[in-house]
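Working notes for the structure below.
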Amino acid sequence: MHNSNHGDRYSAIISSDFTVSVHDTLFSGQTFRWEMYRSHYPYYVSVIHGSPIIIKSMDTLGLSIYSDRDELGGLPLSKWAEYYLSLDINERVIMEPVFRFLHRDIALLVQDFYGLKVLRQDPFETAVTFMCAQGIGMPIIRRQIGEICRVFGDPVSFTFEGTRHTNYAFPSPERIASAHSEDLRICTNNNCRRAVNVRKMAEAVASGELDFRKLASPDRSLDSIRDELCRNDGIGPKIADCIALFGLGRFDAFPIDTHVRQYLLEWFGLKRAAMPLTVNNYMELQREIRSVINPEIAGYAGHLLFHCWRRRVKGLNTA
DNA sequence: TGCCAGGTGTACT
DNA sequence: AGTACACATGGC
């Protein structure tokens with residue numbers, strides 16, 4: 001820990017044996033709250049645990065993290081960053097030798113995205129985010145989350161390279177639970193039912209009826225987590241699996257969306273992926289892909305494939 | 001213009 | 001158990 005020159009007291013250097021692609025990580029679509037500031041090096045800024053967090057990407061040197069607190073989420077700043085960015089997972093070895101042998105062309109494509117990390121994000125934020133991600137494109141999803149933070153989140157000001165900035169924290173479950181549906185609807189792409197669903201889910205979290213800490217228990221089965229989450233209106237199997245993967249640190253969860261479905265058909269030849277995505281087909285597709293990808297990190301590998309498919313095959317650059 | 005976008009709930013058969 | 005459709009809007 002030492003003083004930084006960004007108006008923030010604490011900083012931590014995260015050294016790593018391998019390069020972490022901060023840009024791909026924060027803008028791969030799994031998180032929607034990081035802003036990129038350009039200077040000599042790229043900086044990525046968000047507000048987490050009520051504190052501005054600045055990540056400086058240093059390419060081969062590793063990462064540096066700045067915050068005005070010396071600990072976040074009960075962890076020292078550097079430990080929090082290692083956890084949040086899942087630096088304990090080496091994505092270079094999740095594609096097993098058998099996979100690289102059987103799917104050589106895909107493994108080569110995915111190699112370009114080593115450094116992409118699956119974040120361990122806050123489960124409530126993750127739940128709201130993916131409830132706002134039904135059948136619409138990334139730009140609208142990102143806008144919704146930004147609006148929810150701007151309208152309901154606490155402003156946090158900080159100085160960055162001599163300029164004053166204001167970002168917004170993600171609002172608490174209590175704050176969203178007490179929101180008027182009409183105010184929330186303006187944030188949720190004008191979708192009234194989505195606003196009601198998000199508010200009801202926030203109420204369940206605020207009342208303790210929906211307890212993410214219980215769900216995060218490692219001995220819970222993926223099926224029981226999915227079933228519990230699906231009791232909330234607006235959360236189906238796909239969003240439940242997204243919450244498990246990105247919000248509960250369950251890297252074995254394998255959400256199947258429109259992009260995943262496409263590469264399951266095109267890359268792995270799963271005929272069922274061409275059929276309508278009923279609950280039965282959804283579960284059966286998960287079973288089939290787990291015979292191809294190591295089930296313990298199927299979701300982590302799936303996110304690499306997801307990102308690779310969007311960027312390399314679909315030519316999408318939108319976060 | 002028409003189709004696709006990180007799906008889900010409801011109302012049918 | 002499977003199918004059709006509404007939901008809302010931006011991007012290509």
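As a basis for the values below, the full set of heavy atoms in this structure was taken, side chains included, without hydrogen atoms, waters or symmetry mates. In the text below, chain A, chain B and the rest are named by the order of the sequence lines, each starting its count at 1.
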Verify stack between A:Phe130 ring and B:dG6 base, 5.5 Å, 30 degrees
no

Is it the case that over 12 heavy atoms from other parts of the model lie below 6.0 angstrom from the CD atom of A:Glu296?
no

Contact list for residues 87-98 of chain A, test side chain to side chain donor-acceptor pair (under 3.5 Å), sequence neighbours left out
A:Asp88-A:Arg120, A:Glu91-A:Lys117

Give the rounded distance in Å between these two atoms: CG of A:Asp257 and C1' of B:dG7.
10 Å

Protein-nucleotide distance (A:Arg194, atom CZ; B:dT8, atom C1'), rounded to Å
10 Å

What's the NE2-C1' distance between A:His259 and B:dC3, to the nearest Å?
14 Å

Which pairs with one or both residues in residues 149-160 of chain A pass salt bridge (Lys or Arg N to Asp or Glu O under 4.0 Å), sequence neighbours excluded?
A:Glu147-A:Arg150

Heavy atoms only, 4.0 Å cut-off, all strands: where does A:Gln144 land among base, sugar-phosphate and nothing?
nothing

P gap between B:dG6 and C:dC12, integer Å:
12 Å

Under 3.5 Å, is there a donor-acceptor pair between the A:Trp309 and A:Gln262 side chains?
yes

Strand contacts (DNA chain B) in residues 277-293 of chain A, 4.0 angstrom heavy-atom criterion
none

Summary of salt bridge (Lys or Arg N to Asp or Glu O under 4.0 Å) pairs that have at least one residue in residues 26-49 of chain A, sequence neighbours excluded:
A:Arg33-A:Glu125

From CD of A:Glu125 over to P of B:dG6, roughly how many Å is that when rounded to an integer?
19 Å

Show which residues join A:Leu265 in its hydrophobic cluster (side-chain heavy-atom contacts under 4.5 Å, direct or indirect), or state none.
none

Could you check whether A:Ser224 and A:Arg220, counting side-chain N and O atoms only, form a donor-acceptor pair closer than 3.5 Å?
yes

Going by side chain to side chain donor-acceptor pair (under 3.5 Å), name the pairs with one or both residues in residues 201-216 of chain A, residues two or more places apart or in two chains.
A:Arg199-A:Glu203

Rounded to whole Å, CZ of A:Arg261 lies from C1' of B:dA5 at a distance of 13 Å

Between A:Lys314 and A:Arg193, whichever has its closest DNA chain B nucleotide further toward 5' is A:Lys314

Apart from A:Val47 itself, residues in the same hydrophobic cluster as defined by side-chain heavy atoms under 4.5 Å
A:Val156

Between atom CG in A:Leu229 and atom C1' in B:dG7, what is the gap in whole Å?
15 Å

Does A:Arg164 have more than 12 heavy atoms from other residues, nucleotides or ligands lying within 6.0 Å of its CZ?
yes

Under 4.0 Å from any atom of DNA chain B, heavy atoms only: list the residues of residues 232-254 of chain A that qualify, in numerical order.
A:Asn232, A:Asp233, A:Gly234, A:Ile235, A:Gly236, A:Pro237, A:Lys238, A:Ile239, A:Phe246

Starting from A:Leu102, walk the hydrophobic network (Ile, Leu, Val, Met, Phe, Trp, Tyr; side-chain heavy atoms closer than 4.5 Å) and list everyone else you reach, by chain and number.
A:Val98, A:Phe101

Between B:dT1 and C:dA8, how far is it from one P atom to the other, in whole Å?
22 Å

Chain A vs DNA chain C, heavy-atom contacts under 4.0 Å, first-to-last nucleotide span, 5' to 3', is C:dA1 to C:dG10

Can you tell me the distance, in whole Å, between the CD atom of A:Gln262 and the C1' atom of B:dG6?
11 Å

Heavy atom of residues 265-275 of chain A under 4.0 Å from DNA chain B: which residues?
none

Test question: given the 4.5 Å side-chain rule for I, L, V, M, F, W and Y, name all other residues clustered with A:Met275, or answer none.
none

Rounded to the nearest Å, what distance is computed from the NE2 atom of residue A:His307 to the P atom of nucleotide B:dG6?
13 Å

I'd like the P distance from C:dA4 over to B:dC3, given in whole Å.
16 Å

